[in-house]
Amino acid sequence: MITKIETLDQARELSMEIIKNKSLTYEQKTSQLAKLAENLNDFPKEWASERLYEISKEGGFCDLWEGHAPYAPRYICPNYEKLLNEGCKFLRLPKSKTLLDAINTLLIFYHHVPSVTRYPVYIGKIDKLLDPFIEDRQEAKRLIRWFLISLDRTINDSFCHANIGPERTVAGEIILELLPELNDVTPNMTILYDPDITDDDFACKCIHSSLLTANPAFANDKYYRKDFKGDYAIASCYNGLPISGGAFTLSRLRLGSLARSAKSKKDFFQRVLPEAIDLMCNFMENKIRFIVEQTPFFKTNFLVTEGFVELDRFVGLFGMVGLHECVEKLLEFEKENYEYGKDDFANNLGLEVMDFIENRVNNFKSKYSTFWNHRFMLHSQVGAQDDDGDSAGVRIKIGKEIPMYDHIRHSGLFHKYFPSGIGDHFPFDETAIKNPSAVLDIFKAAFNLNMRYISCYGDSGDLIRVTGYLVKKSDMQKFIEGESVSYDTVQYAKEAFEKYHLLERKVRDVR
């Protein structure tokens, strides 16, 4: 929801609630107080009309807490290879010559990469960044172990994302050995998987690690490279973005809420949906122009002036959630007794909604989204803590899952719409841990059916993928009991656990 702070007394009350909150750490309070101060500014009228506020209050629109006066892009994906090869003048960092140089240079640099979470959402292809500096494997493992520990203890948000692969590297093997030992939340991790490049043994090690720690997930490397016409990054939850660029902004429509505000299927397609799309496109465009034209980020920030990122490689992300509930409501209007996921009629209705959104969004021209031909990229958004009755993205909602292979075929129908990110998560029982190659076969089949991104985790493990990010069940229990937990994402996950019954996802087997 986008909100207005109406009075100074309201601001004071909100600030005191943050200050007195026993469940927040000092850093979390500092961040929330800063956002409160920013939100004392009203959205300019050309950004957010009264109608957009109305749709937001009704639950149909959400700006994902970017603030009323954003002063940096939401997601930033620097060129870390340039950093290690050339150093950084602003931070007085020389070119890296040893593994210790590289690790410390990266850790220092990460501290200065902003995002909507205040932490870097992309920390690079860490296996390829570190591998050229490895001389002694045992020493490398000791240093990389502390590198991973440092990331988890200083980047307190599992929207932080690292990539590995597709090739097997010594650094990649070491990381996979360490993940089950450390069992940490940060960083979220993805292997850029290509069956023609990634050997099965290395891929099975990734599966085994994921079943124990929910890391790494699998991205369909060929699919992403085709869309991005070359290299790319997986950032935040599972956002495909240009390296040396990122995302200006991400807002999203709650399709279920929008459908519930319609009077009929015809009203949904002719009035409700086009109005919401147009309002959100204009909201995003004005926000982007503010960041580029009125804040100094793209003029003075060292990431830009030293060439670690480039304005022309940033895009706007048009997100959505709640397709399942949207289809349910449209079927109710039509008095049709079909189910999303199970029945072709319902699935085709979902495709009709997506075709409409894709066409209308693609007809909007964005001044600065140069990388994507001045259009916004569609993103199947993972969900947020204040969603009510709108499941993540276009997924089949929890409790309505269908058999594994039917589920994959269904997902494959929708992944084509979302070059900037979409994913499905599957918990497995102990049969998978004993046979990771069987899970790999499932993933290969999924990618052959045009899925972009897929992940798994062991049902009995502590780590779980909430929507796209990771949370420990044990940390969630601490937070529920009023203890402070260092990871910001625990706060976001609480409502998702309670409302969407994440622990009740259908558990799969490989028998």
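Positions are given from 1, in the same order as the sequence printed here.
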Colleague: Assess whether a salt bridge exists between Glu46 and Arg289, defined as any Lys/Arg side-chain N lying under 4.0 Å from an Asp/Glu carboxylate O.
Modeller: no
Colleague: Distance check, rounded to the nearest 0.5 Å: Ile103 atom CD1 versus Leu148 atom CG?
Modeller: 8.5 Å
Colleague: Does His112, at its NE2 atom, have more than 12 non-hydrogen atoms belonging to other residues, nucleotides or ligands within less than 6.0 Å?
Modeller: yes
Colleague: Any sub-3.5 Å donor-acceptor pair from Thr249's side-chain atoms to Gly316's backbone N or O?
Modeller: no
Colleague: State which residue, out of Phe43, Phe290, Tyr53, Phe364, fulfils the ring pair (Phe, Tyr, Trp, His ring centres under 6.0 Å) condition with Phe283.
Modeller: Phe43
Colleague: Output yes when a side-chain donor or acceptor of Asn79 lies under 3.5 Å from a complementary backbone atom of Ser244, and no otherwise.
Modeller: no
Colleague: Only one of Phe443, Tyr193, Tyr238, Phe418 forms a ring pair (Phe, Tyr, Trp, His ring centres under 6.0 Å) with Tyr453, so which one is it?
Modeller: Tyr238
Colleague: Hey, is the main chain of Ile175 close enough, under 3.5 Å, to the side chain of Asp127 for a donor-acceptor pair?
Modeller: no
Colleague: What closest approach, in Å, do Ala235 and Cys77 show between heavy atoms, and which atom pair accounts for it?
Modeller: CB-SG, 4.1 Å
Colleague: Hey, is Arg452 close enough to Asp227 for a salt bridge, meaning N to O under 4.0 Å?
Modeller: yes
Colleague: Check this for me, if you would: do Glu54 and Lys57 make a salt bridge, where the nitrogen-to-carboxylate-oxygen distance has to be below 4.0 angstrom?
Modeller: no
Colleague: Would you say the side chains of Arg252 and His379 form a donor-acceptor pair under 3.5 Å?
Modeller: no
Colleague: So, Asp184 side chain and Thr186 main chain: donor-acceptor pair closer than 3.5 Å or not?
Modeller: no
Colleague: Do Asn215 and Tyr457 have side-chain N/O donor and acceptor atoms under 3.5 Å apart?
Modeller: no
Colleague: Without swapping roles, check the side chain of Asn39 against the backbone of His68 for a donor-acceptor pair under 3.5 Å.
Modeller: yes
Colleague: Walk me through it: do Ile243 and Tyr80 pass the test side-chain contact (heavy atoms from CB on, under 4.5 Å)?
Modeller: CA-CA 9 Å; Ile243 295 175; Tyr80 292 111; over 6 Å; no
Colleague: Within the 4.5 Å heavy-atom criterion, are Glu167 and Lys128 side-chain neighbours or not?
Modeller: yes
Colleague: Could you check whether any side-chain heavy atom of Leu279 comes within less than 4.5 Å of a side-chain heavy atom of Ser49, counting everything from C-beta outward?
Modeller: yes
Colleague: More than 12 non-hydrogen atoms from neighbouring residues, nucleotides or ligands closer than 6.0 Å to NZ on Lys299, yes or no?
Modeller: yes
Colleague: Please find the pair of heavy atoms, one from Ser261 and one from Arg271, that lie closest to each other, and give the distance.
Modeller: O-NH2, 3.8 Å
Colleague: Under 3.5 Å, is there a donor-acceptor pair between the Asn239 and His161 side chains?
Modeller: no
Colleague: Keeping Asn373 on the side-chain end and Arg375 on the backbone end, is there a donor-acceptor pair under 3.5 Å?
Modeller: no
Colleague: Hey, mind stepping through Glu325 and Tyr340 against side-chain contact (heavy atoms from CB on, under 4.5 Å) and telling me if it holds?
Modeller: CA-CA 9 Å; Glu325 289 81 2; Tyr340 182 72; over 6 Å; no
Colleague: Working note: Phe376 + Phe318, criterion ring-ring contact (aromatic ring centres under 6.0 Å, His included); need CA distance, chi angles, decisive distance, verdict.
Modeller: CA-CA 6 Å; Phe376 295 145; Phe318 188 105; 7.1 Å; no
Colleague: Checking side-chain polar atoms at under 3.5 Å, does Ser257 have a donor or acceptor matched by the opposite partner on Arg260?
Modeller: yes
Colleague: Tell me whether the centres of the aromatic rings in Phe302 and Phe109 are closer together than 6.0 Å.
Modeller: yes
Colleague: Please check if atom CD in Glu306 has more than 12 non-hydrogen atoms from other residues, nucleotides or ligands closer than 6.0 Å.
Modeller: yes
Colleague: Can you name the one residue among Tyr224, Tyr122, Phe371 that meets ring pair (Phe, Tyr, Trp, His ring centres under 6.0 Å) with Tyr232?
Modeller: Tyr224
Colleague: If you compare all heavy atoms of Glu275 against all heavy atoms of Ile55, which two are closest, and at what distance to 0.1 Å?
Modeller: OE1-CD1, 4.2 Å
Colleague: Can you check whether Asp194's main-chain N or O pairs, donor with acceptor, with Thr198's side chain at less than 3.5 Å?
Modeller: yes
Colleague: Quick one: do Ile357 and Leu255 satisfy side-chain contact (heavy atoms from CB on, under 4.5 Å)? Show the steps, please.
Modeller: CA-CA 11 Å; Ile357 294 172; Leu255 298 176; 3.9 Å; yes
Colleague: Grab the two heavy atoms, one from Gly350 and one from Val327, that are nearest each other, plus how far apart they are.
Modeller: CA-CG2, 3.7 Å
Colleague: Can you give me the closest heavy-atom contact between Ile396 and His324, atom names plus distance?
Modeller: CA-ND1, 3.5 Å
Colleague: Step through the shown structure and confirm whether more than 12 heavy atoms of other residues, nucleotides or ligands are within 6.0 Å of NZ on Lys365.
Modeller: yes
Colleague: Assess the side chains of Tyr110 and Thr154: does a donor N or O sit below 3.5 Å from an acceptor N or O?
Modeller: no
Colleague: Mind running side-chain contact (heavy atoms from CB on, under 4.5 Å) on Arg360 and Leu273 for me, showing each step along the way?
Modeller: CA-CA 10 Å; Arg360 198 164 187 99; Leu273 187 56; over 6 Å; no
Colleague: Kindly say whether the aromatic ring centers of Phe218 and Phe447 come within a distance under 6.0 Å.
Modeller: no
Colleague: If every non-hydrogen atom of Glu38 is compared with every non-hydrogen atom of Pro70, which pair is closest and at what distance?
Modeller: OE2-N, 3.3 Å
Colleague: Within the 3.5 Å criterion, strictly below it, is a donor on Ser366 or Glu285 matched to an acceptor on the partner's side chain?
Modeller: yes
Colleague: Phe268 versus Leu258: any side-chain heavy-atom pair under 4.5 Å?
Modeller: yes
